[in-house]
Amino acid sequence: MLRRHFLSGALAAGAGVVLDPVNADAASPTYEEAVERTWGPIRTGRERFELVRFATLAANSHNTQPWTFSVAEDRITIRPDFARRCPAVDPDNHHLFVSLGCAAENLVHAAEAMGLRAEPDFAGDSIVVRLAGGTAKRSPLFSAITERQCTRANYDGKPVDNEALRLLERACVEPGVSAIALTDCARMKVVGDYVEQGNSAQMRDKAFMTELTDWLRFSKADAVAHMDGLFSAASGNPVLPAWLARALLRFVFTESGENKKYREQIASSAGILVLSTDANDRRNWIAAGRACQRFALQATALGLKYAFINQPVEVPELRPQFAAYLGLGVRRPDLVLRFGYGPSLPRSLRRPPEQVIA
Ligand SMILES: Cc1cc2nc3c(=O)[nH]c(=O)nc-3n(C[C@H](O)[C@H](O)[C@H](O)COP(=O)(O)O)c2cc1C
């Protein structure tokens with residue numbers, strides 16, 4: 001039944017017909033309405049849109065949502081949208097392809113919930129997700145898709161037990177990807193030192209700061225007007241009119257203040273996870289994205305929060321030193337995440353499916 005819905009939706013897409021009952025009256029929603037449209041539970045009768053919506057709920061760098069989707073009867077293709085790349089923080093598009101991998105992982109779990117078996121494969125610059133009939137199953141990882149968020153807050157300092165750690169490590173199992181989990185304070189503090197060094201380098205880099213500021217959304221209205229970018233409340237920062245926030249930014253957003261914040265956040269976390277890949281290419285970056293998103297969904301299913309602390313892998317001069325500290329040799333450390341028990345913060349938004357279906 002679900003499959004028939006999906007196929008008829010796909011055919012409508014092929015014919016260029018756009019039917020979207022939920023978003024037909026989408027003019028100027030409030031932030032709260034936009035959160036519900038973005039993160040609400042799966043809606044029946046619009047499977048084609050829902051698969052794409054659930055894919056877009058993945059973590060993605062600066063929330064630029066650097067993707068487009070095309071939908072056919074037996075596949076969904078996820079393509080990079082290079083117009084949304086971030087050349088300062090991500091000059092080689094590493095984060096962009098990791099983000100596509102995160103979206104593919106969400107798609108796999110959403111498809112399974114709709115009775116479809118989804119198999120992503122890297123082809124050219126794109127991910128082709130082949131769809132075939134399967135058994136409908138709403139897994140804990142599927143249920144976590146709409147709950148997951150990157151929580152940039154202090155956590156409560158409580159440790160994670162061994163069984164949960166085992167599940168988190170198992171979630172990272174992906175061909176070509178290795179995971180290192182650090183839970184002892186001394187090693188976490190060293191990673192924190194790298195984060196601070198990286199943060200200082202980035203905050204002194206004019207191009208980095210200009211790019212970051214362009215993606216900041218300071219008020220609810222600003223966030224809803226764009227439906228992308230980094231909403232200040234989602235990072236635990238105050239909500240202000242954009243003109244005022246921009247005028248105050250250099251006084252409140254300081255290198256020493258941010259370094260202190262990262263130190264406290266890491267000290268409050270239960271552990272740190274570093275993902276690295278066998279080869280430094282797009283296929284492996286996508287694999288890292290899939291592992292990272294699966295880790296995030298598993299953490300969420302366990303009631304844990306997580307956040308990226310990628311500064312040591314984003315600053316090119318720091319990355320080899322960080323790799324050496326972790327004993328990675330010539331392997332590239334791809335992603336750095338902290339995790340622990342913590343509060344929920346306001347949600348980030350996503351552009352609706354009809355804006356990303358090409
Ligand atoms: C490849 C990649 C790199 C990221 N790097 C950072 C980072 O360095 N710092 C950070 O706070 N968030 C980082 N994020 C998280 C995104 O900012 C976040 O996913 C996005 O703003 C959407 O928010 P949400 O995941 O809470 O929905 C990264 C995400 C991805 C996929």
Side-chain angles (χ1 to χ4, degrees), residues 34-35 38-39 53-67 80 84-86 88-90 92-106 144-153 191 194-196 198-199 201-203 208 211-212 215-217 223 226-237 253 258 261-262 265-266 269 272-275 277 282 284-297 299-300 305-315 318-319 322 332-339 342-351:
V35 167
T38 300
W39 293 98
R53 178 168 70 94
F54 271 61
T56 69
L57 299 183
N60 66 95
S61 179
H62 280 12
N63 198 21
T64 69
Q65 304 162 38
W67 42 51
R84 290 179 165 264
R85 66 188 290 267
C86 290
V89 69
D90 189 27
D92 59 2
N93 294 322
H94 168 276
H95 282 7
L96 187 150
F97 282 94
V98 168
S99 302
L100 301 191
C102 293
E105 184 62 24
N106 266 15
I145 292 177
T146 49
E147 302 303 315
R148 184 209 60 83
Q149 64 168 202
C150 293
T151 310
R152 302 176 189 89
V191 176
Y194 280 107
V195 171
E196 286 189 43
N199 180 61
Q202 288 180 327
M203 292 194 73
F208 173 90
E211 181 177 88
L212 176 66
W215 287 102
L216 293 180
R217 310 288 178 242
H226 290 90
M227 298 297 280
D228 63 14
L230 301 160
F231 176 39
S232 29
S235 300
N237 293 319
F253 191 52
E258 289 299 295
K261 188 184 79 183
Y262 283 118
Q265 289 181 347
I266 290 167
S269 301
I272 289 176
L273 182 92
V274 181
L275 294 177
T277 42
R282 291 175 172 186
N284 279 274
W285 300 342
I286 288 169
R290 289 197 63 188
C292 168
Q293 185 68 12
R294 212 176 309 123
F295 166 85
L297 295 177
T300 306
K305 296 289 193 271
Y306 86 115
F308 291 78
I309 39 170
N310 271 332
Q311 291 85 347
V313 298
E314 288 173 348
V315 175
L318 215 49
R319 200 187 301 137
F322 187 57
R332 175 179 181 156
D334 288 279
L335 299 164
V336 191
L337 311 155
R338 65 186 178 94
F339 56 91
S344 294
L345 290 185
R347 311 306 299 268
S348 63
L349 298 176
R350 298 291 189 277
R351 292 172 297 150

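First listed ligand is number 1; within each ligand, the first listed atom is number 1.
Pro66 has its side chain within reach of Asn60: a pair of non-hydrogen atoms, C-beta onward, lies under 4.5 Å apart. The side-chain heavy atoms of Leu297 and Asn106, taken from C-beta on, include a pair separated by under 4.5 Å. Counting heavy atoms from C-beta outward, Leu230 and Arg152 have side chains that approach closer than 4.5 Å.
Contact annotation: His94 has no heavy atom less than 4.0 Å from any atom of ligand 1. The closest approach between a heavy atom of Gln311 and any atom of ligand 1 is not below 4.0 Å. Residue Ser99 places a heavy atom under 4.0 Å from ligand 1. Residue Tyr262 places every heavy atom at 4.0 Å or more from ligand 1.
Near Val98, meaning under 4.0 Å from any of its heavy atoms, are these atoms of ligand 1: 1 (C). Using a 4.0 Å cut-off to heavy atoms of Gln149, the atoms of ligand 1 that qualify are 26 (O). Per-residue contacts place His62 under 4.0 angstrom from the following atoms of ligand 1 (heavy atoms of the residue considered): 17 (O). Every atom of ligand 1 with a heavy atom of Ala59 under 4.0 Å away is listed here by number and element: 19 (O), 25 (O), 31 (C). Residue-ligand proximity, Trp39 to ligand 1, at heavy-atom distances under 4.0 Å covers atoms 27 (O). Atoms of ligand 1 found under 4.0 Å from any heavy atom of Leu230 (numbered from 1 in listed order, with element): 17 (O), 21 (O).
Between Ser348 and ligand 1, at least one pair of N/O atoms sits closer than 3.5 Å. In terms of polar-atom proximity, Arg148 is counted as a contact of ligand 1, with an N or O under 3.5 Å from an N or O of the ligand. Between Cys150 and ligand 1, at least one pair of N/O atoms sits closer than 3.5 Å. Considering both main-chain and side-chain atoms, Asn310 comes within under 3.5 Å of ligand 1 through a nitrogen or oxygen pair. For the pair Arg350 and ligand 1, the shortest N or O to N or O distance falls below 3.5 Å.
The residue from Gln65, Arg217, Arg351 that alone fulfils the side-chain hydrogen bond (donor to acceptor under 3.5 Å, both in side chains) condition with Asp228 is Arg217. With respect to Glu314, the side-chain hydrogen bond (donor to acceptor under 3.5 Å, both in side chains) criterion is satisfied by exactly one of Arg319, His95, His94: His95.
Ring planes of Trp285 and Phe97: tilted class, angle from 30 to 60°.
The two atoms that bring Thr64 and Cys86 nearest to each other are CG2-SG, 3.6 Å, heavy atoms only. Closest approach of Pro346 and Ala233 over heavy atoms only: CD-O, 3.4 Å. The two residues Gln202 and Phe208 make their nearest non-hydrogen contact at O-CD2, 3.3 Å.
Once rounded to the nearest 0.5 Å, the distance linking CD1 of Ile309 with CG of Leu337 reads 7.5 Å.
The nearest protein atom to atom 19 (O) of ligand 1, hydrogens excluded, is given as Asn60 N, 3.1 Å; this is a heavy-atom distance. Protein heavy atom in closest approach to atom 14 (N) of ligand 1: Phe308 CD1, 3.4 Å.
Asp90 and Asn93 share no side-chain donor-acceptor pair at under 3.5 Å.
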